[in-house]
Amino acid sequence: MNIKQLLNTPFPRPKRSKINFLKILGLGFICSLFVIFFKPFGIENTTGIWYYNFYIISIGAVLSLSIIFVEWIIPIAFPKLFKNWTIGKGLVWYTLVILVIGAIVFIYKSYLGDFIDFTLQEYFFVMGRTFLIAITVSFFIIGFYQFINRKVIAGISVNEDYLVTSQNGKQLKLRLKDILFVSSDDNYVNIHYQNNQGRQKLLFRSSLKNIESQIVNPISPMYRCHRKFIINIKYFEIDKITSRSMTIKLKSHDEIIPVSSQYVETIKSLL
C-alpha cells in the first residue's frame with residue numbers, strides 16, 4: 001500500500017456518546033493529577049499557597065472542554081466537512097485540533113497569570129507541554145499494548161465503507177464487517193458476505209491482488225492468508241496446525257481455508 005492509498009483509507013470519527021464524554025472529562029482530570037504528583041517540565045507549586053493545585057485542576061478542565069468543543073461542537077455545526085472521513089483528513093484535522101486546544105489552554109493560563117507571558121514562544125511551549133502530558137497519560141490509560149495492537153485497531157474501522165474499484169473502472173461499495181472472506185476465481189473474485197438475509201456471495205470482475213490493495217491495510221480486519229484467499233479475521237478460528245501447515249475454519253460454518261506457510265505466524269498470532 002502506498003502513502004496515497006493509506007491517507008485515503010476510511011476511518012471512523014469518535015462517537016458522541018455519554019461514555020466518551022466522561023472519558024474526555026476524565027482525561028483532563030487525570031492530566032491535572034499527573035502534573036500535581038509528577039511535576040513534569042518543572043511545573044510545581046512553589047508559592048506555598050494551598051489552593052494553587054486547584055488552578056492546575058481547572059486547566060485540566062479547560063483541556064477537556066476544549067476537546068469537547070473541537071471534537072463535538074464544530075462537527076455538529078459543519079457536518080459536511082466531516083463526511084467520508086479518512087486517515088488523511090484525520091491527520092490534517094488533529095493537527096489543527098492540537099493547535100486550537102493549545103491556544104485555548106494558553107489563553108486560560110495567561111489569564112491566570114495576568115497575561116505576563118502572553119507571547120508566541122510561550123504559546124508553543126504550552127501547546128507542546130499540553131500535548132506531551134496528554135499523550136503520556138493516554139498511554140497509561142489505554143495501555144501501550146492495546147494502543148499499538150493491530151487487531152484492536154481493526155475493530156475500530158470494521159464498520160467503515162470501502163469503495164473498491166476494478167481494473168475496468170467498475171466500483172463496488174463494501175462494508176468490511178459484513179465480509180467473511182474473498183476468494184480468487186480466475187479473472188474474478190467471489191466476495192462472501194453476510195446480511196439480514198443470511199450468507200451471500202457476490203461475483204466481481206477483479207484480481208485478488210487488486211482487491212487486496214484496496215481493503216487490506218494497517219487498520220483493516222482483512223488479511224491475506226493464501227494466494228487465493230483474503231479473510232476477515234473476526235470470523236475465523238484455527239482448525240488444524242502443524243509446524244509447516246495450517247488450516248482455519250469459518251465460525252458457524254464448515255468452510256475450511258488453507259493458510260500458506262508465509263502467513264502462518266501472522267494468522268496464528270491473531271487467532
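In this text, all values refer to a predicted model and were calculated from it rather than measured experimentally.
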Evaluate the ring planes of Phe115 and Phe118, with Trp represented by its six-membered ring, and classify them as parallel (under 30°), tilted (30 to 60°) or perpendicular (over 60°). perpendicular
Check the orientation of Phe181 and His192. Use parallel for under 30°, tilted for 30 to 60°, and perpendicular for over 60°. parallel
So do [Y] and [X] actually touch side chain to side chain, heavy atoms under 4.5 Å?
{"X": "Ser206", "Y": "Tyr188", "result": "no"}
{"X": "Leu65", "Y": "Val62", "result": "no"}
{"X": "Val259", "Y": "His226", "result": "no"}
{"X": "Ile248", "Y": "Ile267", "result": "yes"}
{"X": "Leu202", "Y": "Asn190", "result": "no"}

Measure the [atom1]-[atom2] distance between [X] and [Y] for me, rounded to the nearest 0.5 Å.
{"X": "Lys89", "Y": "Lys83", "atom1": "NZ", "atom2": "NZ", "value": "10.5 Å"}
{"X": "Phe229", "Y": "Arg224", "atom1": "CZ", "atom2": "CZ", "value": "10.5 Å"}
{"X": "Leu208", "Y": "Ile230", "atom1": "CG", "atom2": "CD1", "value": "4.0 Å"}
{"X": "Ile101", "Y": "Ser64", "atom1": "CD1", "atom2": "OG", "value": "9.5 Å"}
{"X": "Ile67", "Y": "Leu27", "atom1": "CD1", "atom2": "CG", "value": "5.0 Å"}
{"X": "Asp254", "Y": "Lys249", "atom1": "CG", "atom2": "NZ", "value": "6.0 Å"}

Has the side chain of Gln214 got a donor or acceptor atom that lies under 3.5 Å from a matching backbone atom of Thr165? yes
Given the rule in the salt bridge (Lys or Arg N to Asp or Glu O under 4.0 Å) test, do Glu71 and Arg16 qualify, once you have shown the distances and angles that lead to the verdict? CA-CA 9 Å; Glu71 273 293 88; Arg16 291 188 291 271; over 6 Å; no
Measure from the ring center of Phe69 to the ring center of Trp72 and say whether it is less than 6.0 Å. no
Please determine if Glu237 and Lys251 form a salt bridge, counting it only when a charged side-chain N lies under 4.0 Å from a carboxylate O. no
For Ser220 and Tyr162, test the side chains for any donor-to-acceptor distance below 3.5 angstrom and give the result as yes or no. no
Can you name the one residue among Phe131, Tyr123, Phe125, Tyr111 that meets ring pair (Phe, Tyr, Trp, His ring centres under 6.0 Å) with Phe106? Tyr123
